[in-house]
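Please read these numbers as outputs of a predicted model, since none were measured by experiment. In what follows, every chain begins at residue 1, and chains take the letters A, B, ... in the order their sequences are listed.
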Number of protein chains: 2
Amino acid sequence: MPPPAVRPVARRGVAGEAADRIRDAILAGELAAGTALKEVELASVLGVSRGSVREGLVVLESEGLVVSEWHRGTWVRELTPDDVDELYTLRTALDVLAMRTAAAKGSGFGPIDEVVRAMEHARTDTERVALDMEFHDAVYAATGHRRLQEAWRAIRCQVHLFLLARVADDPTYQELVVPEHAGLAAVLRAGDPGAAGCAAEEHLRGSSVKLVEKR
Amino acid sequence: MPPPAVRPVARRGVAGEAADRIRDAILAGELAAGTALKEVELASVLGVSRGSVREGLVVLESEGLVVSEWHRGTWVRELTPDDVDELYTLRTALDVLAMRTAAAKGSGFGPIDEVVRAMEHARTDTERVALDMEFHDAVYAATGHRRLQEAWRAIRCQVHLFLLARVADDPTYQELVVPEHAGLAAVLRAGDPGAAGCAAEEHLRGSSVKLVEKR
DNA sequence: ATTTGGAGCAATGTCAACATTCGGACATGC
DNA sequence: GCATGTCCGAATGTTGACATTGCTCCAAAT
């Protein structure tokens, strides 16, 4: 059966909103890696109390976008080469499971195709990277596997950040985004879990070779 | 080089302590699934403020031990059969990566063997399950892969809870814990990542067949 | 010269009071 | 009888003030 026509409203508090604003600022490059995030300052800028900022920072920490130490503070995370290795190995394991599960399920591919179509019309690398992320979001959503989506959420923003930094003005990426992801979507529709898993591995091995090792 | 002789002290606040107490109570069965966790009540019992309890509950939610809805409250999570499926599929993906990575690394196996030795002397199922968890903790620790450990942390307590419920007084488990884990430790030392990954899959397939499907 | 101890400041950790939201009970209208 | 509207108690969401901790600078001792 199709999902219900009206979805439950998103009931969120000030803390979630604060997390969104800070996350956007980081992904937009306005808060560079290593920047200290002082609670009083953020509270003042965002116009909310320090308690809400604290709560929002906890969320961002769970997404790996910031790191914090007891009684010392919170900073925008800096990604070392080791971090990138960790991200790609873990992400591969998750993506393989996601592609296999989605292919086995065999439905809910509509949003995935929509993202691919939007990709074809993207003009900037920033847009392309954002849609790249949304493509994989859609794959994870198609699995219906909540804990898998949660595990992806925990590294998603870090992957996003890394892609933004590495992909900047790389013509190879611009050429390959659409065909690569269109290929993944096609394998999904074919409905062969094994093939879908292999496609995920190759997709990531490709990005790894072309992006990581060129640094 | 070996890890430094003196480790940095664990500097934690009241919130972390509160999370520990509540987690222990849930894993000890004192707080049944579905129980409402009222902030004022917990704050009173624990002797801390509501703010700290709130912060602790966020941690427990990130571990999947409790669920909370906006302006409604927080409850001890109830695990449905679908939840168990999710836990086992995701855990398999993580364990395979962990065993492969640890085998490839080829060091840091000391703590793993220690857990196996402790397992041989365990008297109750509760102890055995706790050591089962610690065994896998040790494997994840041996990988040195922080994000993989973090992903495991996010489902660890749920797996613990499930095992406690299903394993209770099951003679099969009691017989198999030690040989199964000793086998995993041996494969690790062999140093073949591929074999280690397969061993992880079989280890979990075994538990799945023997524990999940008997319900 | 190096190190040790303390004072001051800045930032985070904790708390208790106020504001908001929710769910249910009851009354009202059709 | 069913749906809608309103009130109330209870719980969570939010806030600002107070307590605690860590860093830095500087002086004094070895």
Scan residues 114-123 of chain A for pairs that pass salt bridge (charged side-chain N to carboxylate O under 4.0 Å, His left out), counting only residues two or more places apart or in two chains. none
Using the test side-chain contact (heavy atoms from CB on, under 4.5 Å), find all partners of B:T74 that sit at least two apart in sequence or belong to another chain. B:L37, B:L57, B:V66, B:S68
For A:S49, all residues meeting side-chain contact (heavy atoms from CB on, under 4.5 Å), sequence neighbours excluded: A:S52
Excluding sequence neighbours, so at least two apart, what forms side-chain contact (heavy atoms from CB on, under 4.5 Å) with A:E63? A:R23, A:V59, A:L60, A:L65, A:R153, A:C157
For a quick check, with a 4.0 angstrom heavy-atom cut-off, what is the B/S/- contact string for nucleotides 11-20 of chain C, read 5' to 3'? SBBBB-B--B
Using residues 24-36 of chain B as the side-chain source, report each donor-acceptor pair under 3.5 Å to any protein atom, sequence neighbours left out, with the distance given to one decimal.
| residue | atom | partner | partner atom | Å |
| --- | --- | --- | --- | --- |
| B:T35 | OG1 | B:A32 | N | 3.3 |
| B:T35 | OG1 | B:A32 | O | 2.6 |

